[in-house]
Amino acid sequence: MALLVVLLWGALVTALSMTPRERTLADFHTALRTGQVTYVIYHGTPVDLRWSTGPLFWYHADRSANGAYTAGALLRDLNTAVPRPEATLAHPRQGLFPDWPFRVPFRLPFHGATWLVGGAWIVALLIMMGTDGPRLGNRWAWFWLFTVGEVGAMLFLLLEPRPLWRGLEPQNPVRNRMGGGGGCVLALCLSLVIPVLVAVGLSRVLHTLLDLLSAAP
């Protein structure tokens with residue numbers, strides 16, 4: 001349960017950082033001067049800029065509207081800010097393994113917090129590899145869901161060796177347990193569907209909920 005909560009939190013923050021609300025460069029500088037900016041993700045010249053005023057609140061200034069604002073100018077502005085926000089260069093995904101658990105754009109006050117979600121993902125992977133005969137699919141199926149499927153770690157912790165909502169009751173084995181090929185196909189489908197769900201549906205729901213919470217007395 002603890003691993004699942006950590007991974008869900010990391011996935012939520014990552015999803016919100018990928019679906020920021022549009023703001024102007026002037027809005028960024030105003031938030032920076034008033035010490036509201038906590039995290040910055042940037043790339044390109046002029047800079048394409050995302051920033052956070054808290055783990056759940058993300059904004060974006062498109063490079064086409066940022067004039068000649070370069071990465072060097074951005075870093076100079078960040079170095080003069082008090083407190084200085086954490087900044088990272090945006091990187092596209094490379095390789096088989098997902099990178100989002102190790103790049104969650106959130107900073108905790110204690111040392112090593114950036115590895116909290118990544119560590120939870122690694123522990124979940126080790127648990128999966130050490131589980132004697134997962135119920136819903138074999139180890140190869142879950143391996144593809146962990147890697148290509150992006151969300152396999154959370155699904156595994158939620159569903160194996162029994163669904164969390166079933167407590168400690170014994171579960172009957174699944175007759176047609178998923179093999180490596182089926183897991184690979186499902187993982188590919190998830191890798192295509194999840195970004196669309198995050199961008200189109202989930203982000204709107206989350207932003208609406210955040211608006212309601214921020215407007216509540």
Side-chain angles (χ1 to χ4, degrees), residues 1-20 39 41 43 50 52 55-56 58 88-106 113-167 171-207 209:
M1 178 65 77
L3 293 174
L4 180 60
V5 169
V6 171
L7 287 169
L8 286 174
W9 171 253
L12 174 63
V13 174
T14 302
L16 289 171
S17 73
M18 295 171 60
T19 57
Y39 207 103
I41 302 175
H43 71 89
R50 285 179 284 160
S52 170
L56 303 181
W58 282 88
T88 184
L89 184 64
H91 294 283
R93 177 178 174 176
Q94 296 179 346
L96 180 65
F97 288 87
D99 58 359
W100 72 262
F102 306 94
R103 292 179 178 171
V104 176
F106 177 60
T114 54
W115 282 91
L116 186 63
V117 179
W121 188 90
I122 291 174
V123 172
L125 178 64
L126 294 176
I127 291 174
M128 182 275 291
M129 295 174 64
T131 298
D132 184 18
R135 187 173 58 92
L136 299 176
N138 62 24
R139 290 188 182 91
W140 272 113
W142 279 111
F143 173 80
W144 292 119
L145 291 170
F146 264 68
T147 53
V148 177
E150 300 273 0
V151 295
M154 291 177 284
L155 292 177
F156 183 87
L157 294 172
L158 184 65
L159 300 174
E160 293 281 8
R162 60 181 64 83
L164 281 183
W165 57 87
R166 296 297 297 271
Q171 296 290 293
N172 295 324
V174 176
R175 288 186 178 180
N176 298 317
R177 193 172 62 150
M178 186 167 46
C184 183
V185 171
L186 179 58
L188 289 171
C189 293
L190 288 175
S191 68
L192 296 175
V193 171
I194 288 175
V196 177
L197 290 177
V198 170
V200 177
L202 182 60
S203 64
R204 294 182 181 179
V205 173
L206 293 175
H207 286 311
L209 290 175

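This is a predicted model, so every value here is computed, not measured. Position 1 is the first residue of the sequence, and the numbers go up from there.
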Donor-acceptor contact below 3.5 Å, side chain [X] vs main chain [Y]:
X: H91; Y: L89; value: yes
X: R135; Y: P161; value: yes
X: R50; Y: S17; value: yes
X: T14; Y: A11; value: no

Looking at every heavy atom in both [X] and [Y], which two are closest together, and how far apart are they?
X: A124; Y: L157; value: CB-CD1, 4.1 Å
X: L158; Y: L4; value: CD1-CD2, 4.1 Å
X: L190; Y: V151; value: CD1-CG2, 4.2 Å
X: A153; Y: L7; value: CB-CD1, 3.9 Å
X: W142; Y: G152; value: CZ3-O, 3.6 Å
X: G137; Y: E160; value: N-OE2, 3.9 Å

Distance from [X] atom [atom1] to [Y] atom [atom2], nearest 0.5 Å?
X: L136; Y: F156; atom1: CG; atom2: CZ; value: 9.5 Å
X: L12; Y: F106; atom1: CG; atom2: CZ; value: 10.5 Å
X: N138; Y: W144; atom1: CG; atom2: CH2; value: 12.0 Å
X: F143; Y: L125; atom1: CZ; atom2: CG; value: 7.5 Å
X: R139; Y: D132; atom1: CZ; atom2: CG; value: 6.5 Å
X: W121; Y: L126; atom1: CH2; atom2: CG; value: 9.0 Å

Counting heavy atoms not belonging to W9, are there more than 12 under 6.0 Å from its CH2?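 Result for CH2/W9: enclosed.
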With side chains defined as the heavy atoms from C-beta onward, is the minimum distance between [X] and [Y] less than 4.5 Å?
X: I122; Y: F102; result: yes
X: V148; Y: C184; result: no
X: L145; Y: M178; result: yes

Check against side chain to side chain contact (heavy atoms under 4.5 Å, CB included), W165 and L159: CA-CA 9 Å; W165 57 87; L159 300 174; 3.7 Å; yes
